[in-house]
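Structure record follows, encoded as structure tokens.
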Amino acid sequence: MPYHDDTPQCRIRVHLRLRPSAKPSTAIHIQDETATVLIDVQKSSGGGPPKSYMDQIVFNVDSIVQSTDQQQVYEQIAKPSVDDFLKGYNSTIMAYGQVGAGKTFTMTGDMKVYGNRGIIPRSIHQIFEEKENKPEAGIVVHMSYMEIYQEALYDLLQQRSDNLMIIEENHLPAVRGLAKIRVETEAQAVQWFFEGEKFRTYGHHILNPLSSRSHTILTFYMERRVQRCRALTDFTVAKLNLVDLAGVERLKKVSTDTGGLMRREACVINKSLSFLEQTVYALRLGQGYVPFRQSKVTTLLKESLGGNCKTVLIVNCWPEEYFLDETVNSKFSSPCKPICIFTNSIQSRP
Ligand SMILES: Nc1ncnc2c1ncn2[C@@H]1O[C@H](COP(=O)(O)OP(=O)(O)OP(=O)(O)O)[C@@H](O)[C@H]1O
């Protein structure tokens, strides 16, 4: 069931997507009714017969998707966020998970097969359908697309310009130098998105011939007129972040190259994802100090994780035995669920 939350405080929604597998691990038990995943793991110490070595890791999410149907994934997980954005709420949809587990398939999709297009092209369609159907709302849309590679920022809509700097604006991070392109139609937005994709950093390894080596953040900025009463018109502004995080990597599983570029990339990616985990745990525990500034991705996602935003996290997993360690590590998503964030739809333009 798609989920809508109109309360001023809402929590991060967490969805698990398992990619199709011919041989799923028997250690993973899915309970669809309660959206719970139970994973049998070996206890590290202790005596007794083999069975007593087993322990069970439990993590709870909001829903579990095992289907490959991109339309269903969009309807169930992403569309409510785009609806919220169009109503004037800041929204974020973020894909996290192991390498090759389907993050880019979920966000961008297979653009050669129309039915397999992902959340980004479908969101673009929904945004411009609203703009066309409601001319009275005077909707204005801008977009930006950036990449975080090796802790440096690149503007994918300016031929990968690196002339960007994180600054603070109204106590929130902003990126100076980032192009915000005004887009009038769905075709223009798709064209700019493809233009940005050309400059994205990909690598090739055993698990994925087209592996993202960076985090990307595609943002839509919307401004629309809202008639409060006959004499009063508000201009509501909102942002939609579509985030494709780089994958959690065990280097020995993806490459035999232990000293080169892939190793350096994997170290930086894993470090930034572990900072993301630390940030989530600090928010979950309600700690006064939240280490947002430890990495570029947590700095830029400050509002999505602990500010004024409705956030959805999609955790992509391989259900095979070979990836069980990484699947267990995905349990970090569980503590995201109770994190409450403040949401306010009326952010009027002065
Ligand atoms: N649910 C799915 N159904 C069908 N094919 C899928 C699915 N998930 C992933 N794939 C396929 O698996 C391959 C790897 O997926 P994808 O590139 O999306 O992984 P990723 O998590 O983004 O990886 P990386 O972290 O390496 O960038 C692609 O060829 C993709 O089409």
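The heavy-atom pair separating S212 from T104 by the smallest distance is OG-OG1, 3.2 Å. The shortest non-hydrogen separation linking L178 to Q158 is C-NE2, 4.3 Å.
Salt-bridge check for E75 with K79: failed, with every basic side-chain N at 4.0 Å or more from each acidic carboxylate O. Note on K23 versus E321: no salt bridge recorded, every NZ/NE/NH1/NH2 to OD/OE distance being 4.0 Å or above. The pair R13-D62 counts as a salt bridge, with a side-chain nitrogen and a carboxylate oxygen less than 4.0 angstrom apart. In summary, E186 and K131 do not engage in a salt bridge, as defined by a charged side-chain N under 4.0 Å from a carboxylate O. Checked for salt-bridge contact, R264 and E151 miss the test: no charged N lies under 4.0 Å from a carboxylate O.
For F193 and Y145, the ring centers are positioned less than 6.0 Å apart.
In this structure, a donor-acceptor pair under 3.5 Å is present between the side chains of Q56 and D40. In the model, T36 has a side-chain atom that pairs as donor or acceptor with a side-chain atom of N60 under 3.5 Å.
Grouping the Ile, Leu, Val, Met, Phe, Trp and Tyr side chains by contacts below 4.5 angstrom, directly or via other members, places M94 with F292.
Surrounding CD of Q159 are at most 12 heavy atoms belonging to other residues, nucleotides or ligands under 6.0 Å away. Heavy atoms of other residues, nucleotides or ligands lying less than 6.0 angstrom from CD of E169 number 12 at most. Taking a 6.0 Å sphere around CG of D110, one finds it holds more than 12 heavy atoms contributed by other residues, nucleotides or ligands.
Between P121 and M111 there is a side-chain heavy-atom pair separated by less than 4.5 Å.
Among the candidates R160, K296, E265, the single residue satisfying the side-chain hydrogen bond (donor to acceptor under 3.5 Å, both in side chains) test with Y149 is E265.
When atom types are taken as modelled, the side chain of E195 and the backbone of Q191 share no donor-acceptor pair closer than 3.5 angstrom.
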What verdict does the side chain to side chain donor-acceptor pair (under 3.5 Å) test give for T236 and E223, after you've listed the backbone C-alpha separation in whole Å, the side-chain angles of each residue and the deciding distance to 0.1 Å?
CA-CA 6 Å; T236 300; E223 184 183 301; over 6 Å; no

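The cationic atom of K180 (NZ for Lys, CZ for Arg) lies less than 6.0 Å from the six-membered ring centre of Y221 and within 45° of the ring axis.
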